[in-house]
Each structure stands twice: as structure tokens, then as C-alpha cells.
Amino acid sequence: MTHPRSRLPRANSRAVAAMALTAAAALLAGTPAASATPGRTGPAAAGAESLAAPDIPIGNVKAHLAQLQSIATANGGNRAHGRTGYKASIDYVKARLDAAGFTTTLQQFTSSGSTGYNLVADWPGGDPNQVLMTGAHLDSVSAGPGINDNGSGSAAVLETALAVSRAQLQPTKHLRFAWWGAEELGMVGSKYYVNNLPATDRAKITGYLNLDMAGSPNPGYFVYDDDPALEKVFKDWYAGIGVPTEPETEGDGRSDHASFKNVGIPVGGLFTGAGRTKTAAQVTKWGGTSGQAFDRCYHSSCDTTANIDDTALDRNSDALAHAIWTLGTESSPPGESYENTADVAVPDNGAAVTSSITVSGRTGNAPATLKVGVDIKHTWRGDLVIDLLAPDGTAYRLKNSSGSDSADDVIATYTVDASGETANGTWRLRVQDVAAQDTGFIDSWKLTF
Ligand code: DTR
Ligand code: ZN
Ligand code: ZN
Ligand code: CA
């Protein structure tokens with residue numbers, strides 16, 4: 001369950017279609033219907049499929065760092081908010097993304113009397129209702145060029161985005177990348193982005209991955225432990241190369257992921273340590289120097305291209321690509337069904353009754369073709385008004401009453417455009433009998449995603 005059943009080396013739509021078929025066939029062949037136990041609801045078991053990520057060339061990541069260093073050197077030694085070196089950094093990243101086919105947006109804000117910029121880059125395609133976001137702050141402090149903090153995260157995210165373009169990846173989720181301004185002033189840019197995102201767009205972000213300080217010279221390997229599923233995808237990658245990790249604890253919420261976490265978006269990320277000291281136990285795990293800071297040049301003028309551990313930056317770049325490929329190309333198991341087979345009496349010419357199905361473990365929104373299978377036994381179906389209620393209470397009319405609809409029973413499958421609803425939560429079938437004499441009951445009902 002936890003590992004993809006098969007991996008394919010290249011992204012292409014035929015491979016994705018073939019995998020979807022495989023999963024559908026497995027579903028048909030393998031799993032007993034969840035309705036075996038009356039009254040129980042639950043999904044048929046199936047594993048998510050996803051594609052294997054490419055290796056991210058560390059040479060390319062370091063070439064971006066060299067460019068950021070040159071920008072700092074040419075602009076008074078830093079790339080800080082409100083300084084010319086910051087805008088030059090934005091221009092550099094934006095030009096690379098534009099040339100690679102991304103749709104880029106520059107978002108301006110004001111902080112401490114200066115104009116700040118966020119750069120957002122969308123990779124065309126994927127499900128617009130399921131957005132996987134990845135970001136890094138691009139600003140430095142004014143004391144230095146900010147190559148580890150956070151040229152490293154910025155360059156790793158940039159090179160991973162460029163790898164998406166090289167692969168011409170066709171992800172299932174929509175991929176969005178961001179470079180934040182004014183993180184060093186208190187996560188100003190990412191807060192501005194999140195606060196200005198309409199609630200409906202926020203709801204579409206299934207996860208946010210953050211890289212801040214990805215190549216500390218005396219590195220630790222820290223994985224954000226905020227969301228179990230996002231944590232796991234990074235931990236699995238590190239387990240695969242036999243490098244132990246620790247949960248990130250050097251100031252929870254001290255980077256841009258906090259802006260997303262604060263509004264309920266699942267977050268994950270990687271970190272190699274800042275000013276805190278590496279312990280002897282950590283040196284046993286990872287090598288390096290005990291009793292010394294992970295980054296002795298944290299927030300100072302010596303945070304230059306010399307202040308990078310290449311191995312750490314290489315690993316974190318590859319781990320990030322793994323996470324984006326895994327999360328971005330996984331498909332929710334197709335045709336997964338949830339059923340409630342408990343009988344519910346529908347009182348004659350009386351109050352509405354409901355039957356519930358609780359959906360969990362899915363990501364993002366329900367499909368535009370949500371299938372609602374209804375099995376109601378009744379002696380005059382024209383009496384019945386039937387609605388599907390989404391987890392937030394939104395009602396979708398499935399059937400109206402009718403004085404002339406004289407047949408028995410409602411045994412039908414309705415298709416509902418539920419793409420505006422989160423998949424997870426408690427869905428209800430609401431049934432009301434609005435005319436006297438004939439009666440019946442909900443025998444079972446089913447949702448198929
Ligand atoms: N906010 C970072 C440094 C930092 C300190 N603790 C953490 C934990 C996780 C990510 C980053 C950090 C800075 O830019 O200074
Ligand atoms: Zn910093
Ligand atoms: Zn930082
Ligand atoms: Ca009736």
C-alpha cells in the first residue's frame with residue numbers, strides 16, 4: 001500500500017492511462033465490496049500510483065547559486081527585501097521559468113515602505129481542483145548574499161521546476177511553484193499570498209512543500225513533521241538512501257510554510273539546520289562537526305557559495321523532486337466506492353430522513369462526475385424528493401416528486417458535478433416522502449468517486 005506498485009521511468013499520458021487501467025482492473029478483480037457488512041461504509045482498497053522522479057543535477061542547482069551570488073555581489077552584497085539585489089534575483093528566476101514554459105505571475109506587496117515581490121509559476125495542466133504547491137523564500141537578510149539562506153531552497157525549487165519542464169510532465173495534480181519575498185521580515189510575502197487567495201482557491205491547495213536552508217555546511221537532515229502524508233514522502237526517500245532524518249524542531253513555524261499551515265493547508269518540507277548546534281549524536285548519524293552550528297554563517301556576510309554542503313543540497317533537491325513526482329502524479333484510486341447499506345425508514349408524508357457516508361483518505365475535491373447510486377424501496381416512487389448533501393451541507397437535487405410517476409422503487413445512479421466540494425467528510429442522502437399512503441425505505445446508497 002505504501003509504495004507504488006509499479007514505477008515508470010518517463011512521464012507520458014499513455015503510461016498514465018495504462019496505470020489507471022491496471023488499478024481499475026485490480027479493483028474489479030481484487031476487493032470484496034465494502035457493502036459486505038450491512039451498515040458499514042468504507043472504500044475498496046487500492047493503492048495510489050505515481051511516476052518516478054528524475055535525478056536533479058546538482059551542477060545545475062549550483063549554477064543558480066553562482067548566479068544569485070553574482071547578483072548579490074553586483075548589488076551591494078545582499079539580496080534583501082527592498083534592495084536592488086532582490087528584484088534582480090526575481091528577474092533571474094522568472095526568466096528561467098518563462099523560457100521553460102511556465103505561466104509566471106509577479107505579485108507585488110509593500111512592507112516597511114518598500115515594494116516586495118512574490119513570483120508564482122504555474123505548470124500548465126493537471127487537475128485545477130487539486131493544486132500541489134512548492135515554495136522557497138528568495139530574499140536574503142541585508143547582512144549578506146543569503147546563499148544557504150535561502151539561495152539553496154530557491155535554487156532547488158527552481159531546478160526541480162525546470163526538471164518538470166524537461167520531462168514535459170503531465171501530472172494528475174496542478175503544480176504551482178513560488179518564490180517568496182520578505183520572509184526575513186516575518187514571512188511577509190507568503191502571508192500576503194495566502195491572505196489574498198480567495199477561499200475557493202485556498203481549498204484547492206492539497207499541500208504546500210517548503211525549502212528553507214537546504215545546504216547547510218554542517219548539515220542535519222530535518223523533515224517537517226506537520227502533516228504525516230507529506231512527511232512520509234520525504235522520509236521514504238531518505239530511508240531509500242539509508243540516511244536517517246529527524247523531525248524539524250528548530251523553531252516550528254519559522255518559515256513560509258507557517259502561512260499555509262495557519263489556514264489549514266497541509267504542509268511539509270526539508271531543512272538542514274540554522275544557528276543551532278549539532279550534537280555528538282547527530283554527528284554519529286550524519287558526520288560533520290559536533291558542538292558547531294549547522295550553519296555558522298547563518299544571517300551573516302559569509303553566507304556565500306562557499307557556505308554550502310553539496311551533498312546535502314543534492315539530496316534535498318532529489319528528495320524534493322521525488323515528493324513532487326510522487327504527490328503530483330498520484331491518482332486517487334479510480335472508481336473507488338463508499339456505500340451505506342443500513343436500512344432507513346422514510347416516514348409517509350413526513351419529515352426528511354438522511355443516511356450518511358463518511359469519506360476519508362482522499363485528496364482535494366470530489367469529481368465533476370460523482371456517481372450517486374440510490375436504492376430505495378417504495379410503493380409509489382412519485383412521492384419521493386431526493387437530495388445529495390455534501391460535507392458542507394450543499395444540497396444537490398437528485399429527484400423531484402411527481403404526481404404522475406406511478407412506478408415502484410428508486411433504483412438509479414445519478415451523476416453530480418461535485419467538483420466544488422471537498423471529497424473528505426460526511427456526505428448524506430436526504431429523502432423525503434411528500435404524499436400520503438405509499439411508503440418505503442432507503443435500502444442502500446453508494447458514492448463512487
Ligand atoms: N526562517 C529561517 C531559518 C529557520 C529557522 N528555523 C527554521 C525551521 C524551518 C525552516 C527554516 C528555519 C530564516 O530564513 O532565517
Ligand atoms: Zn533567514
Ligand atoms: Zn530562510
Ligand atoms: Ca407516501
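As the structure is a prediction and not an experimental result, all values here were calculated from the model. Just so you know, ligand 1 is whichever comes first in the structure, and atom 1 is the first atom listed for that ligand. This chain uses plain numbering: 1 for the first residue, then up along the sequence.
By heavy-atom distance, the residue among Arg254, Arg276, Glu248 lying nearest atom 9 (C) of ligand 1 is Glu248.
The six-membered or imidazole ring of Phe294 lies near that of Phe222, with a centre-to-centre distance under 6.0 Å.
Among the backbone and side-chain atoms of Asp149, an N/O/S atom is found under 2.8 Å from the Zn ion (ligand 3).
For Arg296, the CZ atom is loosely surrounded, since the number of other residues' heavy atoms within 6.0 Å does not exceed 12. Around the NZ atom of Lys278, the shell of radius 6.0 Å holds more than 12 heavy atoms that belong to other residues, nucleotides or ligands.
Interface atoms of ligand 1 facing Met213, defined by a heavy-atom separation under 4.0 Å, are 3 (C). Interface of Asp212 with ligand 1, defined as ligand atoms under 4.0 Å from a residue heavy atom, comprises 1 (N), 2 (C), 11 (C), 13 (C), 14 (O). Residue Tyr224 approaches ligand 1 through these ligand atoms, each under 4.0 Å from one of its heavy atoms: 9 (C), 10 (C).
Considering just the N/O/S atoms of Asp212, the one nearest the Zn ion (ligand 3) carries the name OD1. Glu184 contributes OE2 as its N, O or S atom closest to the Zn ion (ligand 2).
Only side-chain heavy atoms of Asp149 come within less than 4.0 Å of ligand 1; its backbone N, CA, C and O stay farther off.
Looking at ligand 1, you'll find an N or O of Glu250 within less than 3.5 Å of one of its N or O atoms. Every N/O-N/O distance between Ser255 and ligand 1 stays at or above 3.5 Å.
Using modelled atom types, one side-chain atom of Trp179 and one backbone atom of Ser154 make a donor-acceptor pair closer than 3.5 Å. Gln107 contributes no side-chain N or O that, together with a main-chain N or O of Tyr117, makes up a donor-acceptor pair within less than 3.5 Å.
Taking atom 12 (C) of ligand 1 as the reference point, the nearest protein heavy-atom neighbour is Phe271 CE1, 3.5 Å.
Using a 4.0 Å heavy-atom cutoff, Phe222 is absent from the residues neighbouring ligand 1.
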